[in-house]
Amino acid sequence: MKKALGIDIGGTKILYGVVNDAGEIVSDVKKTSTPKKADEIFSTLKNIIAEHYNEIDVVGLSSAGAVNLENTRVLSSTPNLPDGYNQIDFSTLCDKKVYVENDANCACAAEYKNGAGKGFNTVLMITIGTGIGGGVISNGVLFRGSRGNALEVGSMKIFADKRQKCTCGRYDCWESYASGTGLKNCAITGAREYLEFKASIYKDKSPEEITTYDITDGIQKEDAYSIKVFNQWMEYMFVGLVSLTDIFNPDCIVISGGMCSFVDVEGLEQRINAESVVTDVKVRRATTGNNAGMIGAGVLALG
Ligand code: BMX
């Protein structure tokens with residue numbers, strides 16, 4: 001059985017381990033902090049590969065950002081990535097095959113192979129963290145689009161009248177409403193617009209200082225403002241997901257990412273099936289957790 005070194009390059013940490021083609025981790029999982037500069041990331045990756053060079057056939061890398069069709073570079077230069085990151089040619093890291101893929105596409109591959117999407121024909125995977133990423137695998141094939149950048153769903157527009165600026169500089173991207181950042185934005189807008197804020201446990205906080213944790217904690221404490229903010233956030237989540245369901249006709253939608261534990265998957269499943277033209281859609285929470293990027297990168301690199 002062939003083996004890949006799966007490496008997940010996150011904003012704060014790099015996670016890595018050896019993965020087989022069934023999507024199983026067959027080594028210890030290790031982590032190191034992500035250096036702040038592009039050239040330091042490159043040398044850290046070189047050292048990680050050297051550590052495992054003799055036990056692996058290929059290297060798979062998971063990264064945020066749109067990836068080129070050749071799977072060698074990350075093209076986007078959003079504020080979340082260090083300067084020069086999009087100049088790195090990952091294929092030069094070693095003389096074995098090195099394959100880089102978008103983090104959400106990797107998570108989709110992990111869930112399809114050995115997670116909540118296992119056994120389904122068409123899996124739409126949505127990862128909800130700082131931003132929102134997406135991936136679709138149908139009949140075992142990852143949908144990449146003409147240049148490899150498909151399913152950058154966080155960037156799709158959900159309003160036409162320039163209501164809210166996104167961290168990318170454009171307006172009304174889905175992720176500025178329905179990601180972790182989006183929940184914070186909902187809290188700020190809600191503090192301005194909802195009467196419930198005046199009686200909320202957060203009424204003395206400046207709206208910009210209200211955190212996603214405050215909102216989820218506020219729900220436990222039955223704070224009416226927090227509940228309203230959360231429901232608005234779920235509404236934005238639903239609007240994006242129901243459209244994507246109509247576009248891709250998945251039989252399973254998997255929700256992953258740091259915010260996925262807060263998402264009401266049962267509620268979403270019910271509403272999507274009621275309001276989409278597509279029928280029999282299951283909505284599941286991801287099961288590969290923090291290892292999704294690493295497993296998926298390995299599985300995709302093994303091809
Ligand atoms: C953004 C975009 C996607 C990514 C998604 C989730 C960048 C740097 N990122 O939409 O490529 O899949 O965020 O990323 O352009 P996360 O880091 O929030 O999980």
Side-chain angles (χ1 to χ4, degrees), residues 7-15 31 33-34 36 38 41 60-69 71-88 90 100-111 123-137 142-145 147-158 164-185 212 233 236-237 240-241 244 253-263 285-286 288-297 300:
I7 307 178
D8 180 8
I9 311 167
T12 51
K13 58 181 189 304
I14 296 176
L15 210 64
K31 64 178 168 189
S33 343
T34 309
K36 293 281 167 270
I41 294 179
L61 298 171
S62 162
S63 171
V67 169
N68 66 351
L69 201 53
N71 297 96
T72 56
R73 281 174 195 271
V74 176
L75 304 171
S76 32
S77 51
T78 69
N80 306 340
L81 302 174
D83 277 350
Y85 189 73
N86 55 4
Q87 304 300 315
I88 299 176
F90 291 99
V100 59
E101 184 50 273
N102 169 266
D103 55 357
N105 283 345
C106 289
C108 187
E111 290 297 324
V123 172
L124 165 67
M125 209 289 315
I126 299 294
T127 169
I128 301 158
T130 316
I132 301 185
V136 163
I137 297 183
L142 176 71
F143 183 75
R144 303 202 65 229
R147 312 281 299 170
N149 316 149
L151 273 293
E152 283 291 324
V153 293
S155 298
M156 69 185 183
K157 302 252 175 293
I158 62 164
Q164 184 166 279
K165 201 164 187 180
C166 181
T167 47
C168 72
R170 292 180 284 263
Y171 282 86
D172 296 325
C173 300
W174 186 35
E175 68 185 17
S176 75
Y177 292 90
S179 64
T181 315
L183 182 57
K184 234 178 124 25
N185 288 339
T212 55
W233 181 66
Y236 290 137
M237 183 90 58
L241 283 179
L244 290 168
I253 301 174
V254 180
I255 311 284
S256 76
M259 297 294 291
C260 86
S261 55
F262 303 120
V263 174
R285 200 167 277 120
T288 57
N290 288 338
N291 296 330
M294 187 183 76
I295 295 172
L300 288 169

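Whatever order the structure lists ligands and atoms in, that order sets their numbers, starting from 1. For reference, positions follow the sequence shown, starting with 1.
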Q. Quick one: are C173 and C168 in side-chain contact, heavy atoms under 4.5 Å?
A. yes

Q | Shortest reach to atom 18 (O) of ligand 1 by a heavy atom, considering only G134, G135, G129, G131 | A | G131

Q. Backbone, side chain, both or neither: what part of I132 comes under 4.0 angstrom of ligand 1, heavy atoms only?
A. backbone

Q.
Quick check on contacts: which atoms of ligand 1 are under 4.0 angstrom from a heavy atom of T130?
A. 18 (O)

Q. Checking E101 side chain against L300 main chain: does a donor-acceptor pair fall under 3.5 Å?
A. no

Q. Can you list the atoms of ligand 1 that are under 4.0 Å from a heavy atom of E152?
A. 2 (C), 3 (C), 11 (O)

Q. In this structure, which one of V136, I253, I126 forms a side-chain contact (heavy atoms from CB on, under 4.5 Å) with L244?
A. I126

Q) Between V153, L151, T127, D103, which one has a non-hydrogen atom sitting closest to atom 4 (C) of ligand 1? A) D103

Q.
For the backbone of A150 and the side chain of R144, can you confirm whether one donor and one acceptor N or O come within less than 3.5 Å of each other?
A. no

Q. Which pair of heavy atoms, one from W233 and one from V263, lies closest together, and at what distance?
A. CH2-CG2, 4.0 Å

Q: Return a yes/no value for G65: is any of its N or O atoms, backbone included, closer than 3.5 angstrom to an N or O of ligand 1?
A: yes

